Amino acid sequence: PDAAHGRRHRPRRRRHLAFVAALLPVLAVAGVASAALLTTGPRPAFTDTMSYRDGPAGFSLTYATRWKIQRVNPGLGIRFVVSSRHESADQVTTVSVTSGTQHGPLPAAADLARTVVAGLRPQFPGITLVTSETTSLAGGPAVLLKFTDPGTNPPTAVEQVVGRTNDGRPLTVTIQTPDPRYAPSDASVHEFLASITS
């Protein structure tokens with residue numbers, strides 16, 4: 001049944017977590033160069049991971065077993081909940097990977113930011129762009145956008161990495177963090193993003 005939906009899960013232990021700095025400028029603190037953090041930060045600890053592949057959506061990835069799948073839309077994407085025993089439901093961080101259907105080049109960062117803000121504003125009226133920068137996703141160029149809504153307490157953080165699948169469709173990773181105390185570690189997010197292939 002899973003194969004019919006174009007996805008596959010299989011556990012495996014990752015023994016070596018070498019990753020390319022160019023692929024990982026994702027969760028740098030605002031105002032600090034991502035490359036500096038990646039070259040000076042510690043390597044992530046060994047983790048247990050699961051594999052996931054969505055052939056029709058055009059991507060595959062690995063994720064930490066402690067991340068729980070919240071929703072799967074075969075051919076469109078997957079959403080994870082990054083939770084522990086300590087936070088409430090409204091403090092849970094979510095990580096989603098989605099693939100679009102329209103083929104085309106990667107838009108300019110400013111155009112992407114306007115589109116994302118328009119989409120988030122109904123849920124977060126005070127959402128504002130904090131920063132944008134170039135990065136890589138699935139082996140190709142991408143744009144990293146960081147947003148915050150200071151109207152929530154604590155301020156909700158939203159980060160998007162927008163790239164393309166190997167056949168030119170939009171590929172987007174969205175990390176929504178209602179409470180920074182329960183955010184996934186930089187290392188685990190770096191590892192996750194580096195694992196995405198198309």
Side-chain angles (χ1 to χ4, degrees), residues 5-8 12 14 16-28 30 32-39 41 43-44 49-64 67 69 72-80 82 94-120 129-147 157-176 184-198:
H5 292 294
R7 65 184 191 273
R8 180 182 71 225
R12 67 184 175 116
R14 301 194 64 184
H16 302 287
L17 298 177
F19 49 82
V20 181
L23 295 177
L24 305 177
V26 175
L27 290 178
V32 178
S34 298
L37 287 181
L38 293 170
T39 55
R43 288 185 178 274
T49 61
M50 296 285 287
S51 296
Y52 174 84
R53 180 177 182 273
D54 189 331
F59 68 84
S60 60
L61 53 83
T62 60
Y63 63 96
W67 291 18
I69 295 176
V72 174
N73 295 318
L76 297 175
I78 186 170
R79 185 176 186 182
F80 302 95
V82 182
T94 58
V95 179
S96 63
V97 182
T98 58
S99 175
T101 57
Q102 298 292 327
H103 297 253
L106 184 67
D111 295 333
L112 284 171
R114 282 192 293 269
T115 301
V116 176
V117 166
L120 292 174
L129 177 67
V130 176
T131 187
S132 67
E133 57 192 79
T134 58
T135 185
S136 296
L137 181 65
V143 175
L144 166 64
L145 302 169
K146 301 179 184 180
F147 304 88
V158 178
E159 298 189 15
Q160 279 201 348
V161 183
V162 183
R164 286 293 181 268
T165 61
N166 61 7
D167 62 355
R169 291 177 289 162
L171 182 62
T172 304
V173 180
T174 303
I175 304 168
Q176 185 170 307
S185 69
D186 287 1
S188 65
V189 174
H190 290 167
E191 181 184 355
F192 175 73
L193 289 164
S195 80
I196 299 173
T197 59
S198 177

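The structure presented is a predicted model; accordingly, all values stated were derived computationally and were not measured.
Residues F80 and L61 meet the side-chain proximity criterion, which asks for heavy atoms closer than 4.5 Å. Taking the side chain as every heavy atom from C-beta outward, R164 and P170 approach each other to under 4.5 Å. Side-chain contact between I196 and V161 is absent, with no heavy-atom pair separated by less than 4.5 Å.
Looking at every heavy atom in both residues, W67 comes nearest to Y63 through O-CE1, 3.6 Å. The nearest pair of heavy atoms linking F192 to T62 is CD1-O, 3.2 Å. In this structure, L76 and D54 approach most closely via the heavy-atom pair N-OD2, 4.0 Å.
Annotation: the span from L120 atom CG to Q176 atom CD amounts to 7.0 Å, rounded to 0.5 Å. For the atom pair E159 CD and I175 CD1, the distance stands at 5.5 Å (nearest 0.5 Å). Separating the CG atom in L144 from the OG atom in S136 is a distance of 11.0 Å, to the nearest 0.5 Å. In this structure, OG1 in T131 is found 6.0 Å from NZ in K146, a value given to the nearest 0.5 Å.
When the side-chain contact (heavy atoms from CB on, under 4.5 Å) test is applied to N166, the partners found at least two apart in sequence or on another chain are S198. In this structure, F59 has no ring pair (Phe, Tyr, Trp, His ring centres under 6.0 Å) partners at least two apart in sequence or on a different chain. Residues that satisfy the side chain to side chain donor-acceptor pair (under 3.5 Å) test with S60, not counting sequence neighbours, are T197. Scanning for side chain to side chain donor-acceptor pair (under 3.5 Å) contacts around T172 gives an empty result, with sequence neighbours left out.
Listed by first and then second residue, the salt bridge (charged side-chain N to carboxylate O under 4.0 Å, His left out) pairs involving residues 94-104 amount to none (not counting sequence neighbours).
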Donor-acceptor contacts under 3.5 Å from residues 97-114 side chains, at least two apart:
unit_1: S99; atom_1: OG; unit_2: A57; atom_2: O; d: 2.8
unit_1: H103; atom_1: ND1; unit_2: D167; atom_2: O; d: 2.7
unit_1: D111; atom_1: OD1; unit_2: R114; atom_2: NH2; d: 2.2

**Request:** Let me see the working for E191 and T49 under side-chain contact (heavy atoms from CB on, under 4.5 Å), right down to the final yes or no.
**Result:** CA-CA 10 Å; E191 181 184 355; T49 61; 4.0 Å; yes
